[in-house]
Undergrad: 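One structure is given below, represented as structure tokens, and several questions about it will come after.
Positions are given from 1, in the same order as the sequence printed here.
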Amino acid sequence: MATITVETPDGAVREIDCEAGRVLRDVLGEHGLSPHSRLAVANCGGRGLCATCGVRLETPPEAEHWHDRLADRFGYPRLSCQIEVVDGMCVRIPEKRVWGRRE
């Protein structure tokens, strides 16, 4: 088992207990904490192609996916669909913006 701490865009903090080794994107979704932007219908289903499930990690694991290697290099959020849950993980779901869209 693993316990992860999740901070939502509004600053609320929750602890989630789940099985270690699961995909972070799936765990967040099951607990009503979608990592996706408002365009969730445009997501790639966890294949690491759409980059809509970005999260910030206090201590990120080694990047294996090409997008995550670039994210580490340039300071972008990591893809939650490419991260396995480990005990003690601290996750922040950043505010999502839709580029080119006016508020």
Undergrad: Taking side chain as C-beta onward, heavy atoms only, is Arg14 less than 4.5 Å from His31?
TA: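 Side chain of Arg14 against side chain of His31, heavy atoms only: contact under 4.5 Å found.
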Undergrad: Once rounded to the nearest 0.5 Å, what's the spacing between atom NE2 of His65 and atom CZ of Arg47?
TA: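 Taking NE2 in His65 and CZ in Arg47, the distance rounds to 10.5 Å.
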Undergrad: Would you please name every residue forming a salt bridge (charged side-chain N to carboxylate O under 4.0 Å, His left out) with Arg22, sequence neighbours left out?
TA: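 With sequence neighbours excluded, Arg22 shows a salt bridge (charged side-chain N to carboxylate O under 4.0 Å, His left out) to Glu30, given in chain and number order.
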Undergrad: Residues two or more places apart in sequence or in another chain: which of them pass side chain to side chain donor-acceptor pair (under 3.5 Å) with Asp17?
TA: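 Asp17: side chain to side chain donor-acceptor pair (under 3.5 Å) contacts with Thr3.
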Undergrad: Taking side chain to side chain donor-acceptor pair (under 3.5 Å) as the definition, give me every residue that meets it alongside Asp72, ordered by chain and number, with sequence neighbours left out.
TA: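 Testing Asp72 for side chain to side chain donor-acceptor pair (under 3.5 Å), a comparison that skips the adjacent residues, returns Arg78.
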Undergrad: Which other residues end up in the same hydrophobic cluster as Ile16, if Ile, Leu, Val, Met, Phe, Trp and Tyr are linked when side-chain heavy atoms come under 4.5 Å apart?
TA: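 Once heavy-atom contacts under 4.5 Å are chained together, Ile16 belongs with Ile4, Val6, Leu24, Val27, Leu28, Leu33, Val55, Leu57, Ile83, Val85, Val86, Met89, Val91, Ile93.
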Undergrad: For Pro77 and Ala71, work out which heavy atoms get closest and say how close.
TA: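 What the structure gives for the nearest pair is O-CB, 3.4 Å.
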Undergrad: Of all the heavy-atom pairs spanning Glu7 and Gly11, show the shortest one and how long it is.
TA: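 Minimum heavy-atom contact is OE2-CA, 4.0 Å.
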Undergrad: Are Trp66 and Phe74 co-members of a hydrophobic cluster defined by side-chain heavy atoms under 4.5 Å apart?
TA: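 Yes; Trp66 is reachable from Phe74 via cluster members.
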Undergrad: If you link I, L, V, M, F, W and Y whenever their side-chain heavy atoms are under 4.5 Å apart, who else ends up in the same group as Val23?
TA: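 Joined to Val23, directly or through intermediates: none.
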Undergrad: Taking transitive links into account, so neighbours of neighbours count too, which hydrophobic residues share a cluster with Met1 at under 4.5 Å side-chain distance?
TA: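 The other cluster members (ILVMFWY side chains, heavy atoms under 4.5 Å, direct or chained): none.
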Undergrad: Working to the nearest 0.5 Å, report the span between NE2 of His36 and OG of Ser80.
TA: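 Between atom NE2 of His36 and atom OG of Ser80 there are 6.0 Å.
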Undergrad: What salt bridge (charged side-chain N to carboxylate O under 4.0 Å, His left out) pairs are there with at least one residue in residues 55-67, not counting sequence neighbours?
TA: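 Every pair satisfying salt bridge (charged side-chain N to carboxylate O under 4.0 Å, His left out) with a residue in residues 55-67: there are none.
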Undergrad: Quick one: list whatever passes side chain to side chain donor-acceptor pair (under 3.5 Å) with Thr5, sequence neighbours left out.
TA: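 Applying side chain to side chain donor-acceptor pair (under 3.5 Å) to Thr5 gives none.
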